[in-house]
There are 2 protein chains.
Amino acid sequence: MKLGIYGYGNVGKGVELACSQNKDVELVGIFTRRDKSTVTPLLNTKVYNASEIKDFKDKIDVLAICGGSATELPTMTPELAKDFNVVDTFDTHAKIFEHFNNVDKIAKENKHVALISCGWDPGMFSLNRLYANVLLPNGKDYTFWGRGISQGHSDAIRRIDGVLDAKQYTVPIENVVNKILNGETPELTTRQKHLRECYVVAKEGADKNKIENEIKNMPNYFADYDTIVNFITLDELKEKHSGMPHAGFVIRTGTTGKDNEHKHTISYNLNLDSNPEFTAQAIVAFSRALHKEFKRGTTGCLTAFDIRPRDLYVGDYNELLKHML
Amino acid sequence: MKLGIYGYGNVGKGVELACSQNKDVELVGIFTRRDKSTVTPLLNTKVYNASEIKDFKDKIDVLAICGGSATELPTMTPELAKDFNVVDTFDTHAKIFEHFNNVDKIAKENKHVALISCGWDPGMFSLNRLYANVLLPNGKDYTFWGRGISQGHSDAIRRIDGVLDAKQYTVPIENVVNKILNGETPELTTRQKHLRECYVVAKEGADKNKIENEIKNMPNYFADYDTIVNFITLDELKEKHSGMPHAGFVIRTGTTGKDNEHKHTISYNLNLDSNPEFTAQAIVAFSRALHKEFKRGTTGCLTAFDIRPRDLYVGDYNELLKHML
């Protein structure tokens, strides 16, 4: 499979590395919106300007689009689906349906296949919600995110007057998670599920109390949560908080039996040192499956829900029957 | 979807109950190898003799075969695949490949579709091994079973001279599981992964020391494990150990990054009050997907690896996009 990377941020870099772990993948090149002379790839990958992508119309089986969900992917994915089979990581849950339909229309018109919202949530977490729901129709879902960096919340803090830099960790409340893993099914408010831990570098002379108050009372982002604000130095932020870890749980508890007397708990847990590199691994695996769908004649937009698990695997089906089933 | 149950043991009973949780399923009947007049269904389900199954050739969309893997399913599933689309729970891992090929041949010849090895392991655990492997090609797998009843090991104890009844729990060694969940990747012997906990009712006058020694030194079943033998009364066995709980973990740890500097852990955990009822829930969900495959013209043998997750769901795809992705 010939893969291209469109957009060379953290996820794009992750895809470059992930290709080296998958022997069936030939990485054609990185397509950057910056001046290509300023981009140094991690491995020996060719770098092209984004504008050169049109020359690769028949030279790439799947194009991994590594752009931002807020402003880039809504136009980028449909546009590139005209000429390529594409995978993206669109993760604005509320707008997935709209994005799906936009991409589906263009992909079908151009006889391409696309897969949107690849990654861990949406992605693997979505798959686990689905599997757990069909196994326990009579049940209750819980999703917890963290401990991990939220880019959106970190950005929101950085926009506050007097803040030089900041990182925000979303933290699931451990004893609540444990209760649910043990079969309890509480009704939980936002505040009872996660807390928010902030590491903030204040500008010299800034009013720290004012910053802290502004963070804690910020609507949508922090006001509904218990929020911890820690002021640290820029050196400390760089040294201790420059990683991109993430984690989370998808849990469903449900009952079976004539009188619902049997309780069952299904849980899926990820613990990731690098959120973008794990997302990139998902992109490569689902690109493999997408390429198989394309060869079968499938067109239009797909999601992880459409992908036969066997198509994700590089090896032979008989191997799966013998060693993994 | 019209479903039939062939074999009315614990799993068959579970399927009967599971049908009542799935509104798209019409349960046509239970087909029993016993005299039907001796079988009382849990719900208002019609009971037929197994020999009457031929009359239902075009009246059942999917037949759930609830027989034993050791001696029944190897012949039962291919035989019934002549006249029906079938799902079974064949779980002898070493013989799955052979069983698959037997069923595949007959199902294709008769233009039916079959799904074998449905349940949690093989089944959901297999799916999770596959997903985790494609996400972390550079990694290491662990599967732990328990705490839960092993029917095979309980039976082995019951065959010992002087034993009236017995139950055996397979127990994963908790601190080892926790180490792996925390990212360690130890090489483990059989003894280091699970221990075996036995509850034994001795016949009056039987030599308990002799029984205990015989259990602990039984090759294949117990000799490679640390085994705890508890002698209890028949009343206590019935009161405290008549449930069929099971549980387990599928864990994969792997690395990404230029120098494999980022560690990731994926874990899937089930905690089941009733092993057969959970297996039955899987049978119903995968029967739904199998029926969709049949309507598409698919023939032959499939496994969970072939099933598009969306096909397991009773509702609309748009619902999935809006609420579960």
Side-chain angles (χ1 to χ4, degrees), chain A residues 14 17-18 21-22 42-43 93 96-97 100 117 122 124 126-131 133-138 181 183 256-258 261-274 277-278 280-282 285 288 303-310 312-314 317-318 320-322 324-325, chain B residues 14 17-18 21-22 42-43 93 96-97 100 117 122 124 126-131 133-138 181 183 256-258 261-274 277-278 280-282 285 288 303-310 312-314 317-318 320-322 324-325:
Chain A
L17 294 171
Q21 285 194 12
N22 290 276
L42 291 172
L43 306 174
H93 286 264
I96 284 176
F97 186 65
F100 179 92
S117 303
M124 293 312 299
S126 322
L127 280 172
N128 276 279
R129 282 188 283 265
L130 174 55
Y131 280 119
N133 269 269
V134 301
L135 292 168
L136 297 174
N138 184 24
L181 288 175
T256 64
K258 201 172 175 189
E261 68 274 26
H262 295 134
K263 195 180 277 184
H264 308 277
T265 307
I266 303 172
S267 67
Y268 183 74
N269 175 220
L270 293 176
N271 230 310
L272 313 175
D273 272 0
S274 167
E277 286 179 8
F278 186 83
Q281 296 286 133
R288 173 182 297 126
T303 69
F305 295 146
D306 294 272
I307 298 301
R308 292 183 182 90
R310 65 179 286 176
L312 298 165
Y313 189 59
V314 63
Y317 187 63
N318 287 346
L320 288 181
L321 293 181
K322 286 178 185 167
M324 228 177 276
L325 193 63
Chain B
L17 294 172
Q21 285 194 13
N22 290 276
L42 292 171
L43 306 174
H93 286 264
I96 284 175
F97 186 65
F100 179 93
S117 301
M124 292 313 299
S126 322
L127 280 171
N128 275 279
R129 284 188 282 265
L130 174 54
Y131 280 119
N133 269 269
V134 302
L135 291 169
L136 297 175
N138 184 25
L181 288 176
T256 64
K258 202 173 175 188
E261 68 275 26
H262 295 133
K263 194 180 278 184
H264 308 276
T265 306
I266 303 172
S267 67
Y268 183 74
N269 175 219
L270 292 176
N271 230 310
L272 312 175
D273 271 0
S274 167
E277 287 178 7
F278 186 82
Q281 296 286 133
R288 174 181 296 127
T303 69
F305 295 147
D306 295 272
I307 299 301
R308 291 183 183 89
R310 64 179 287 177
L312 298 165
Y313 190 59
V314 63
Y317 187 64
N318 287 347
L320 288 180
L321 293 180
K322 286 178 185 168
M324 229 179 274
L325 193 63

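Numbers restart at 1 for each chain; the letters A, B, ... are given by sequence-line order, proteins then strands.
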Exercise. Hey, does B:F278 have a side-chain heavy atom less than 4.5 Å from the side chain of A:L135?
Worked result: yes
Seminar exercise, completed: Turns out that what part of A:L270 lies under 4.5 Å from chain B's heavy atoms comes down to both
Exercise. Quick one: does A:V134's side chain get under 4.5 Å of B:N22's, heavy atoms only?
Worked result: no
Exercise. Of the non-hydrogen atoms in B:Q281 and A:P137, which two are nearest, and what is the gap between them?
Worked result: NE2-CD, 3.1 Å
Exercise. Given the options A:T256, A:V314, A:L320, A:L312, which has more heavy-atom pairs under 4.5 Å with chain B than any of the others?
Worked result: A:T256
Problem set entry | Leading residue by heavy atom contact count with chain A [cutoff under 4.5 Å; candidates B:L42, B:D306, B:L17] | B:D306
Seminar exercise, completed: The reported gap from OG in A:S117 to CG in B:L321 (rounded to nearest 0.5 angstrom) is 8.5 Å
For this session: Find the distance between CD1 (B:I96) and CG (A:L325) and round it off to the nearest 0.5 Å.
Result: 4.0 Å
For this session: Measure A:F100 against the heavy atoms of chain B and call it side chain, backbone, both or neither at under 4.5 Å.
Result: side chain
Problem set entry | Distance, nearest 0.5 Å, that separates CE of A:M324 from CG of B:L130 | 6.0 Å
Problem set entry | Under 3.5 Å donor-acceptor, A:D273 side chain and B:H262 backbone | no
For this session: Heavy-atom distances under 4.5 Å only: say whether A:N318 touches chain B with side chain, backbone, both or neither.
Result: both
Exercise. Where does B:A304 contact chain A at under 4.5 Å (heavy atoms): side chain, backbone, both or neither?
Worked result: backbone
Seminar exercise, completed: Highest number of heavy-atom pairs under 4.5 Å with chain B among A:G14, A:G183, A:A285, A:S267 belongs to A:S267
Exercise. Which heavy atom of B:K258 sits nearest a heavy atom of A:L43, and at what distance?
Worked result: CE-CD2, 4.3 Å
For this session: To the nearest 0.5 angstrom, please state how far the OH atom of B:Y317 sits from the OG1 atom of A:T303.
Result: 3.0 Å
Exercise. Shortest non-hydrogen contact from A:I307 to B:P309?
Worked result: O-CD, 3.2 Å
Exercise. Under 3.5 Å, is there a donor-acceptor pair linking the side chains of B:Y131 and A:Y131?
Worked result: yes
Problem set entry | Gap between atom CG of A:N269 and atom CG of B:N269 - 0.5 Å precision | 9.0 Å
Problem set entry | Spatial distance of atom CG (B:N271) from atom NZ (A:K263) [nearest 0.5 Å] | 11.0 Å
